[in-house]
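Heads up: numbering here begins at 1 and tracks the sequence.
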Amino acid sequence: MTSIKESTAGPDAERGPGRWLALAVLVLAVLLVAVDATVLGLATPYISEDLEPSGTQLLWIGDVYSFVIAGLLVSMGSLGDRIGRKKLLLCGAVAFGAVSVLNSYATSPEMMILARALLGVAGATLMPSTLALIRNIFHDPRERSLAVGIWGAMASAGAAVGPVVGGFLLEHFWWGSVFLINLPVMAVLVLVGVKLLPESRNPAPGPWDLLSVLLSLVGMIGVVYAIKEAAAHGLRWDAVLAAVIGVAALTWFARRQLTLSAPLLDMRLFSHRGFSGAVLADLLTVLGLSGLVFFLSQFLQLVQGRRPFEAGLAELPAAVGAVVAGLIAGVVARRFSVRIVVAGGLAAIGLSLAVLTGLSQETGYPLLGAVLLVVGVGAGFSFTVTADVILSSVPKEQAGAASAVSETAYELGAALGIALLGSIVTGVYRDFTAPEGTPADVASAAHESLGGAVESARSLPPHEAETLLHAAQTSFVDGLRLASGVGAAVLLATAVAAWFLLRGQRLEDGVDH
């Protein structure tokens, strides 16, 4: 029987409309955090012009937010189980709004990276709390599937809506405005959430192990940094050292959890084939979606010359597909099976990325729009069903920790999508040959990033500028094609793995196939 501390929604709230109003507040939080992960994509050329970051700094600005969130989610999910998920959510919302101001007014690449990292700390308090509260507000499995579907649709769509919001703001205001929009949304979340959200926590949580918190943070960031640097620059000593430290910390973390009476994360969950398969599918789904959205934003603007808002609207089919698929994912998974829906979603993303291996500077929008729509549908199906599987696998009192696993997979996937695919794009891009006679400082700036090439070309005579830009854009597209091919191979392999790992897995109150 559920403790009073575990859920204070009460029977009336569970039967009345209150739970759906509470869901609306939670969806607002997850939408904003997801938007923030990709809203920066369109702002990248403006940040390049204003702050003049190096290519590596630019990648860190893009992905440090997701790295920090991924490193802290397990710890924050467990903290919410202990001190109360509503309390953690509201405190995190206030911090998220405050740090957004720091992001808006950053004056150097280093300050921007720090501000993005702090935003990640605040974001880590929001994501697991939202999904854990859904687990405790909705007790009927079919209602919970719909609630998770709405939540998943917003999480997937947020990544695709980011460019639209960013594009509109960038055409009317300066780049810092993409962060200031967080303030009114967070204010609404706090004011309404105080009234509508029920508090819930684990009635017997045990102590919060700070050593485990540190180990999970060091381990996650170490491993991700190593992957990112190795992909960009090869196996240098710093990448190897980071990998060793990261793997050692995660190994220590896992072993420590098995010895604690109240672990931050119950590692025994991963011995369940369906749970592990759902987590893997979660991670790779978001890797494909976020990597595609991030780099197509630059392609549409800097290669095809679209205005920011137009480029944002061009990516809207991904959001539409994700929302529609997320809302019907639970019904479809019960009608057919979990593995058909998840493996099919992953395969759809993989095949879409494979199509982009034929991308060129002249590729028309109908093809790009169709690819984005299919990616959105695939992500909506796969991400929503896997989140439901993960959430249904644990008792309610462990909802925060299980939610954190799902969210860690989401954020790690977003970070790796930008880092791995981005490192491939950057590695190919930097090899282009600047036209003979290009000044050394202009060539150097052009090789840092495509945004740098666009900016530095303005100092050249028209003909030379056109030649430099053509070489840079061609190289960028070559990198994007290669990254798409790698992404396609990874997603299609994961689809096959998910087919076997999720065999026999079903949603509650569903049919096993």
key: Aromatic plane relationship, Tyr105 with Trp174 - under 30° parallel, 30 to 60° tilted, over 60° perpendicular   = tilted
ask   = Sub-3.5 Å donor-acceptor pair from the side chain of Thr363 to the main-chain atoms of Leu359, do we have one?
value = no
inquiry  = Before you tell me yes or no, could you show the steps for Leu26 and Leu89 under side chain to side chain contact (heavy atoms under 4.5 Å, CB included), namely the whole-Å CA-CA distance, both residues' side-chain angles and the distance that decides it to 0.1 Å?
reply    = CA-CA 9 Å; Leu26 297 176; Leu89 178 71; 3.7 Å; yes
task = State which residues pass side-chain contact (heavy atoms from CB on, under 4.5 Å) with Leu90; sequence neighbours excluded, sorted by chain then number.
result = Lys86, Leu189, Val194
request  = For the pair Asn182 (side chain) and Phe179 (backbone), establish whether a donor and an acceptor sit closer than 3.5 Å, ignoring hydrogens and angles.
outcome  = yes
request  = Kindly state each residue pair satisfying salt bridge (Lys or Arg N to Asp or Glu O under 4.0 Å) with at least one member in residues 209-221, sequence neighbours excluded.
outcome  = Asp209-Arg256
key: Side-chain heavy-atom pair Phe381, Val342 within 4.5 angstrom cut-off   = no
remark   = Those residues at least two apart in sequence (or on a different chain) that pass salt bridge (charged side-chain N to carboxylate O under 4.0 Å, His left out) with Glu310 are Arg306
ask   = Does some side-chain heavy atom of Ser212 sit less than 4.5 Å from a side-chain heavy atom of Gln257?
value = yes
query = Which heavy atom of Ile134 sits nearest a heavy atom of Ala147, and at what distance?
reply = CG2-CB, 3.9 Å
ask   = Would a distance-only check, ignoring hydrogens and angles, find a side-chain to backbone donor-acceptor pair under 3.5 Å from Ser382 to Gly345?
value = no
query = Passes side chain to side chain contact (heavy atoms under 4.5 Å, CB included), Val324 versus Val377? Steps please.
reply = CA-CA 7 Å; Val324 172; Val377 170; over 6 Å; no
key: Asn103 side-chain N/O to Ala115 backbone N/O, donor-acceptor pair under 3.5 Å   = yes
ask   = Is there a donor-acceptor pair closer than 3.5 Å between any side-chain N or O of Thr125 and the backbone N or O of Val121?
value = no
query = Do side-chain atoms of Tyr365 reach the backbone of Ala314 as a donor and acceptor pair under 3.5 angstrom?
reply = yes
message = Quick one, Leu102 and Met111 - any side-chain contact, counting heavy atoms below 4.5 Å?
response = yes
query = Taking the side chain from Ser177 and the backbone from Phe173, do they hold a donor-acceptor pair closer than 3.5 Å?
reply = no
ask   = For Leu211 and Leu215, what are the C-alpha separation, side-chain angles and deciding distance, and is it a side chain to side chain contact (heavy atoms under 4.5 Å, CB included)?
value = CA-CA 6 Å; Leu211 178 56; Leu215 288 173; 4.0 Å; yes
inquiry  = Looking at Leu302, is its backbone amide N or carbonyl O close enough to the side chain of Gln473 to form a donor-acceptor pair, meaning the two atoms are under 3.5 Å apart?
reply    = yes
ask   = Closest heavy-atom contact between Gly378 and Ala348?
value = CA-CB, 4.3 Å
ask   = Could you give the distance from CE (Met112) to OG (Ser104), rounded to the nearest 0.5 Å?
value = 8.0 Å
request  = For side chain to side chain contact (heavy atoms under 4.5 Å, CB included), just list the numbers for Leu356 and Leu368, CA-CA rounded to whole Å, side-chain angles, deciding distance to a tenth of an Å, and then say yes or no.
outcome  = CA-CA 8 Å; Leu356 290 183; Leu368 292 176; 4.0 Å; yes
